[in-house]
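This report refers to the structure that appears directly beneath it.
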Amino acid sequence: MLVLNCSTKLLILEKMLKSCFPESLKVYGAVMNINRGNPFQKEVVLDSWPDFKAVITRRQREAETDNLDHYTNAYAVFYKDVRAYRQLLEECDVFNWDQVFQIQGLQSELYDVSKAVANSKQLNIKLTSFKAVHFSPVSSLPDTSFLKGPSPRLTY
């Protein structure tokens with residue numbers, strides 16, 4: 001586990017995450033906020049640098065916390081290799097398992113892996129909301145060039 005706190009590396013990470021949209025969007029937003037003043041007191045945890053396979057943003061350990069507030073105790077997750085994410089959860093003290101928290105991410109295996117690790121720690125987690133979104137590659141979108149007409153205008 002590596003906590004990334006070098007401002008130059010965080011800017012590089014932001015650009016790297018942008019190239020992995022839409023799956024990296026939650027972590028990208030957190031890193032972007034860190035790079036612009038860090039108003040939510042977050043930090044970045046990676047499995048390795050610069051060739052990371054999993055990245056998690058979490059509340060800074062030194063920040064004041066409320067153990068029952070799942071909004072401020074939110075984690076954002078993006079992984080290139082789900083095994084690296086699982087390994088971070090199993091082997092490292094990345095999550096504070098003693099508090100209420102939420103895990104945010106846009107990848108399909110996120111819930112199953114998180115639940116499996118929580119179960120191995122004899123903890124119970126609850127799925128409160130899950131929305132699966134499938135984004136089609138731009139090349140597979142239908143051709144709309146034949147639709148001609150006036151440009152839409154907004155009127156207030």
Side-chain angles (χ1 to χ4, degrees), residues 1-138 140-141:
M1 175 182 86
L2 170 69
V3 177
L4 194 66
N5 48 21
C6 169
S7 58
T8 303
K9 290 178 182 178
L10 285 165
L11 287 168
I12 293 168
L13 177 61
E14 183 179 333
K15 289 178 184 170
M16 293 167 83
L17 291 167
K18 193 172 186 177
S19 70
C20 298
F21 276 359
E23 292 87 0
S24 65
L25 188 60
K26 292 288 189 176
V27 173
Y28 171 81
V31 172
M32 185 184 75
N33 278 311
I34 291 169
N35 287 334
R36 287 155 184 79
N38 202 7
F40 305 108
Q41 298 177 296
K42 297 287 186 176
E43 65 185 5
V44 175
V45 178
L46 304 143
D47 63 321
S48 61
W49 179 259
D51 298 319
F52 70 90
K53 294 181 185 93
V55 58
I56 299 171
T57 62
R58 67 180 184 192
R59 184 114 168 141
Q60 292 173 335
R61 294 295 181 184
E62 59 274 4
E64 186 177 326
T65 61
D66 176 351
N67 286 340
L68 299 177
D69 185 354
H70 65 275
Y71 290 107
T72 58
N73 301 329
Y75 297 81
V77 174
F78 170 69
Y79 51 83
K80 296 177 183 177
D81 181 348
V82 70
R83 293 170 298 185
Y85 170 59
R86 183 182 190 118
Q87 187 174 0
L88 273 176
L89 292 185
E90 289 175 339
E91 296 179 5
C92 301
D93 188 26
V94 175
F95 283 32
N96 181 351
W97 296 96
D98 295 327
Q99 62 185 195
V100 174
F101 61 86
Q102 61 177 291
I103 303 170
Q104 301 175 355
L106 297 173
Q107 292 170 285
S108 60
E109 297 166 307
L110 182 63
Y111 174 72
D112 292 334
V113 170
S114 302
K115 184 166 179 60
V117 173
N119 287 342
S120 73
K121 296 177 180 292
Q122 298 178 344
L123 300 169
N124 186 25
I125 67 170
K126 180 173 87 171
L127 180 64
T128 57
S129 176
F130 177 77
K131 297 192 187 325
V133 179
H134 176 74
F135 296 94
S136 297
V138 174
S140 69
L141 295 176

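These numbers come from a predicted model, not from an experiment. Atom set for the values below is all heavy atoms of this structure, side chains included, hydrogens, waters and symmetry mates excluded.
- Looking only at side-chain heavy atoms (C-beta outward), F52 and L13 come within less than 4.5 Å of each other.
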### Message
Quick one, L17 with V31, criterion side-chain contact (heavy atoms from CB on, under 4.5 Å). Give me CA distance, side-chain angles, the key distance, then yes/no.
### Response
CA-CA 9 Å; L17 291 167; V31 172; 3.8 Å; yes
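- Between Q41 and R59, the shortest heavy-atom distance links the atoms OE1-NH2, 3.2 Å.
- For K53, the NZ atom counts as loosely surrounded, since its 6.0 Å shell holds 12 or fewer non-hydrogen atoms of other residues, nucleotides or ligands.
- Contact annotation: the side chain of Q107 never approaches that of V82 to less than 4.5 Å [non-hydrogen atoms, C-beta and beyond].
- Counting heavy atoms from C-beta outward, V3 and R58 have side chains that approach closer than 4.5 Å.
- Using cut-offs of 30° and 60° for the angle between ring planes, the Y75 and F101 rings count as perpendicular.
- The 12-atom threshold is not exceeded at NZ of K18, counting heavy atoms of other residues, nucleotides or ligands nearer than 6.0 Å.
- By the 4.0 Å N-to-carboxylate-O rule, E14 lies close enough to R36 to be salt-bridged with it.
- The CD1 atom of I34 sits 9.0 Å away from the CG atom of L4 when rounded to the nearest 0.5 Å.
- Taking 4.5 Å as the limit, some side-chain heavy atom of V117 sits within range of a side-chain heavy atom of W97.
- The two residues Q60 and N38 have their closest heavy-atom pair at NE2-ND2, 3.2 Å.
- When the shell of 6.0 Å around NZ of K26 is examined, it contains 12 or fewer heavy atoms from other residues, nucleotides or ligands.
- Atoms OG and CG, from S48 and L88 in turn, are 9.0 Å apart once rounded to the nearest 0.5 Å.
- Closest non-hydrogen pair, D47 versus A84, comes out as OD2-CB, 3.8 Å.
- Side-chain atoms of T57 and N33, non-hydrogen and from C-beta on, never get closer than 4.5 Å to each other.
- For Q104 against A74, the heavy-atom pair with the smallest separation is NE2-CB, 4.1 Å.
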#### Entry: Steps toward side-chain contact (heavy atoms from CB on, under 4.5 Å) verdict (K80, D51)
CA-CA 10 Å; K80 296 177 183 177; D51 298 319; over 6 Å; no
